[in-house]
Each structure stands twice: as structure tokens, then as C-alpha cells.
Enquirer: 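My questions will all concern the structure given below.
None of the values given here were measured: they were computed from a predicted structure. Residue numbers begin at 1 in each chain, while the letters A, B, ... track the order of the sequences.
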Protein chains: 2
Amino acid sequence: MNARRHPGQRYPGQRAGLTKEQVIATANDVLADGGFGALTMRAVAERLAVAPNALYSHVANKTELVDEVLDATLRTIREPATDDVEAVLREIMAETLTALLRHPDLMPAFLARQGSRGPHARRLGDIMAAALERVGITGSDAVEARRVLIVYTIGFAAFAAGPPEGNPVPLDELQHNFASGLQWLLAGILAGRC
Amino acid sequence: MNARRHPGQRYPGQRAGLTKEQVIATANDVLADGGFGALTMRAVAERLAVAPNALYSHVANKTELVDEVLDATLRTIREPATDDVEAVLREIMAETLTALLRHPDLMPAFLARQGSRGPHARRLGDIMAAALERVGITGSDAVEARRVLIVYTIGFAAFAAGPPEGNPVPLDELQHNFASGLQWLLAGILAGRC
DNA sequence: AGCTAAACTGGACGTCGTACAGCTCAACGT
DNA sequence: ACGTTGAGCTGTACGACGTCCAGTTTAGCT
């Protein structure tokens, strides 16, 4: 029940009581409703019933806003509760895919930023690194393995967006497809180690 | 020695003698010089010393222009001259990566279009399908395998672009990294088949 | 020779991100 | 209790973008 007033309700100096979290959450809503093309400073501002430039009090620029939305997408992902290294990796990548699929058309931006640099992305990276370390994969090998898995996962999510035209590739087929490739990658990464 | 006159040299009705190929090639140059952000109808037009809207005689809109540039990137890739199926796939993906790396920051757009629909992209797809068929991989299995390989390759190319900030990841490391993952995928795809 | 369709120019519209200046209210030190 | 200050807003505006419309000319066909 978000009170959606028209703008111009406030005179200069009056505050709207925004927070950075609200701005990010609203950007998320706009994205969900209208896709990446609809994600506009002005659109977000309108939903919040503020002037467009009011957002710049909470966000440096649009790039940062997108980064923030990107990282927020990964917030819900939890560390798998298993000891099996392969299972940990498989689950966390699958969860990541699911999370990313909530905003498929954000993936190009995501990929361009190498999977976001925010705290949640870093957390996932750490979980992966820890899992790999437990089977003796460290240093540049670990970097390599992580990179391969991340690229693969984000790539798949981006692929799911696809062009508006044509067959959107059914979701379950896509997930099955994802699982196959992931299995191969994990087999390669963990070959002879567990 | 491209005559680079300022615009306004021509009066209405006079022709500049453009071709669609010229427009695409120039778009390519703009991209190479200034990155994706610089790829603008107006910028392309300026290089060609025509008014911005003159481009619309040769291209429907910017989306089509980008698609065209995307597909042109794959033009140079030739079919590998081997009988070994694994080698064919490995080489063609490696060549694709090299081609794509010429415009890393175009990759997000590329991925969003599921690897472009143009004739050259289709040709590569056919080569892959033929190779897979020779080891008995057909139907949905073949689709799956192709998808995994394409997503992986484009993903890697996109990754190479990365943010302007920070370490750009050295090229040879990236290629070695790519080769590792590719090897794993191929092993999985071809397991017990050749 | 005449006609038509295509290739341009000039100008404009609507939208975008964002800078600048001013207003005003909440929080704080005294 | 009261200035002071700085943060959160509004209004306005700028420059760049994609693209449409209306003209003008020319190439090519009949």
C-alpha cells in the first residue's frame, strides 16, 4: 500500500524521508515491473513521489544504483549446510542462478561488471573459495575455478533474458541445461580430489 | 585516408554514396576507438560526414546496427580443418573467443541477444552441430551442448571487458583460464563417445 | 524525357542523466 | 533557548541521445 502521490506535493526544503534502502528497493520494483529499459532515475523518483534529482542525495549516480540493485539480488543466498564440497558448489551456483533469474535483463550489466563487487558477491566468492580450499585447491587454481563457475552461471542467467522476440526457452529446460554443464565443470575442477 | 569533412557540406538532396557495409564498418571503428558508450548514431554519422538521420536509410534503428556489428565480428572465423571432433570444437570456440575479444564491451549486448541471430552466428552453430552429430550427439542433447559452449564462451569474453577500474586481468591468463574450463566442458560433453 | 523511389538535409520532439542554485527543516553545540 | 550548519529536498536547465517529419535532389527505370 505504497502511497503513490503525484510529485509537486512538496515545496523546496521539505523532506520526503527517503533512505538509501528505499531507493534501491524501489529501483528493484521498477525493474521487476518494466524491465531494464524502464529503470530510469525519473521512474524511480516518480514512484517515490520526489523530484528526479532527489535520488542523488542517496546514490552517487545511476551506475551506483544499478550496482546496488545488483548486489541486493544476491542477498537471499545462504551458505549450503553440507560437508560435501561438490554439493556446496553445486547448490550455491544453482541458488545464484535462481536469484539472478529474477532479473534476467539485468544480467548484461551484471556481466559487464564482472559479477558485481558488492559485499554479497564477495561473500559468495568467499564461500566458494573456502569450499575449494578444503579439497586442496588454492592460489591461481582457485581463482581459475571460481572464475569459470561465475562466468558460466551469470552467462546462463543472461542467456535466459534473450530477445523479446522468439522462443523464451522454457525455464525447466534451462535449469536442466544449466545443471548438465555445471556437472561437467565441477567434475573437471574436482578431478581426482574428492 | 578517409576524407573527414565536417557535416553541412552537402545540401538537401545531395547524396553521400553510403552503403550499409560502410555504415557497419564505421560503427565498428567508433566502437574500437571509444567503447560501447561512444557507439552513437550521431558519432557514426559524424565519421561519415552525414547527418545523423541519414543512417536510417541503411539501417532500421540502432538495435539493428548493433546486431549487424555483432555478426560482422564473427565473419573471420573459419571452419577448423580437422577430423577430430574435440579439436574442432576446441578450436572454433577459441577462435570465437579471440574474435569477440576485439570488442569486449559489446558482449553484454551480445549475450542479451543470445549470441546474435545473424548468418555468421548461425554458420558457427551449424559447424558445431555437425561436429557433435559425428559422435552421435543429436536432438536436445546437441542443443544443450551447444548452448553450454556458447554461453561459456560469450561469458568469458564479456568478463574480459570488466569495469574500467581495477585490474583488467592479463590476456594470456584469461585465455589459459578459458582453455581449462573449455577442456572440462568438452570432456563432459564427449564422455565415452570418442 | 518524364516519373518515381531512394538518399539525403534541416529541424524538431521527447527522454534521458545530471549539475546548479536556492529553500527549509532537523540536529547539535553553546 | 537559540543561532548555526549541513543534509534533503525542489525548480530549472543543459547537453546528448534515438528517432520522426517534411522537404529537396538525384539515380535509375520506362
Side-chain angles (χ1 to χ4, degrees), chain A residues 3-27 30-31 33-69 105-106 108-109 112-113 164, chain B residues 3-27 30-31 33-69 105-106 109 112 164:
Chain A
R4 182 104 59 92
R5 287 151 299 191
H6 345 119
Q9 219 81 344
R10 243 177 328 272
Y11 43 84
Q14 230 182 9
R15 317 212 160 178
L18 292 188
T19 64
K20 186 168 187 177
E21 285 72 33
Q22 265 181 62
V23 172
I24 298 170
T26 305
V30 171
L31 197 58
D33 281 11
F36 190 55
L39 181 50
T40 288
M41 291 288 149
R42 292 174 142 89
V44 175
E46 191 180 0
R47 281 222 190 191
L48 291 164
V50 296
N53 39 359
L55 304 180
Y56 289 86
S57 292
H58 304 93
V59 163
N61 46 41
K62 187 178 180 182
T63 301
E64 193 198 297
L65 178 57
V66 172
D67 278 340
E68 236 32 279
V69 171
D105 55 349
L106 202 53
R113 287 170 173 73
Chain B
R4 183 103 59 94
R5 285 150 298 191
H6 346 117
Q9 218 80 343
R10 243 176 328 273
Y11 43 83
Q14 231 182 8
R15 316 215 159 177
L18 293 188
T19 64
K20 186 168 186 177
E21 285 72 32
Q22 263 181 63
V23 172
I24 297 170
T26 305
V30 171
L31 197 58
D33 280 11
F36 190 54
L39 182 50
T40 286
M41 292 288 150
R42 291 175 143 89
V44 175
E46 191 180 0
R47 281 222 190 190
L48 292 164
V50 296
N53 39 0
L55 304 179
Y56 289 86
S57 293
H58 304 93
V59 164
N61 45 42
K62 187 179 179 181
T63 301
E64 193 198 298
L65 178 56
V66 172
D67 278 341
E68 247 14 293
V69 171
D105 54 348
L106 201 53

Enquirer: With sequence neighbours left out, which residue pairs that include part of residues 33-45 of chain A fulfil the salt bridge (Lys or Arg N to Asp or Glu O under 4.0 Å) condition?
Expert: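 Only A:D33-A:R47 qualify under salt bridge (Lys or Arg N to Asp or Glu O under 4.0 Å).
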Enquirer: Send over the distance from B:E46 CD to C:dT9 C1', rounded to a whole Å.
Expert: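 That distance rounds to 16 Å.
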Enquirer: Of the candidate nucleotides D:dT26, C:dT9, D:dC9, which contains the atom at the shortest distance from the side chain of B:Q14?
Expert: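 Shortest atom-to-atom distance from the side chain points to D:dT26.
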Enquirer: Examine distances only and state if a side-chain atom of B:T40 and a backbone atom of B:A43 form a donor-acceptor pair shorter than 3.5 Å.
Expert: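 Answer holds: no.
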Enquirer: Nearest of C:dT24, D:dT25, C:dA19 to any side-chain atom of A:N53?
Expert: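 Per side-chain heavy atoms of A:N53, the pick is C:dA19.
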Enquirer: Tell me: CG of A:L39 to P of C:dT15, nearest whole Å?
Expert: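 Value for this atom pair: 17 Å.
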Enquirer: Taking all non-hydrogen atoms of both residues into account, name the closest pair between A:V69 and A:A27 and its distance.
Expert: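 Result for this residue pair: CG2-CB, 3.7 Å.
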Enquirer: Taking only residues at least two apart or on different chains, which pairs with a member in residues 53-62 of chain B satisfy salt bridge (Lys or Arg N to Asp or Glu O under 4.0 Å)?
Expert: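 Qualifying pairs: none.
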Enquirer: Kindly point out which of D:dT25, D:dC17, D:dG23 is positioned nearest to the side chain of B:Y11?
Expert: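 So the side chain of B:Y11 is nearest to D:dT25.
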Enquirer: Mind calculating the distance between CE (A:M41) and C1' (D:dC14) to the nearest angstrom?
Expert: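 About 18 Å, once rounded to whole Å.
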Enquirer: Where each residue is assigned the nucleotide of DNA chain D containing its nearest heavy atom, which of B:R42 and B:R15 is assigned the position nearer the 5′ end?
Expert: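 It is B:R42 whose nearest nucleotide is closer to the 5' end.
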Enquirer: Can you find a pair of side-chain heavy atoms, one from A:H58 and one from A:L18, that are under 4.5 Å apart?
Expert: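 They are in contact (side-chain heavy atoms under 4.5 Å apart), so the answer is yes.
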Enquirer: Taking C-beta and beyond as the side chain, do A:M41 and A:N61 meet within less than 4.5 Å on heavy atoms?
Expert: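 Answer no - side chains too far apart.
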Enquirer: When you measure from every atom of DNA chain C, which of residues 54-66 of chain B have a heavy atom less than 4.0 Å away?
Expert: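 Per residue number, the list reads B:A54, B:S57, B:H58.
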Enquirer: Provide, to the nearest angstrom, the distance between the NZ atom belonging to B:K20 and the P atom belonging to C:dA7.
Expert: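 Interatomic distance, NZ of B:K20 to P of C:dA7: 11 Å.
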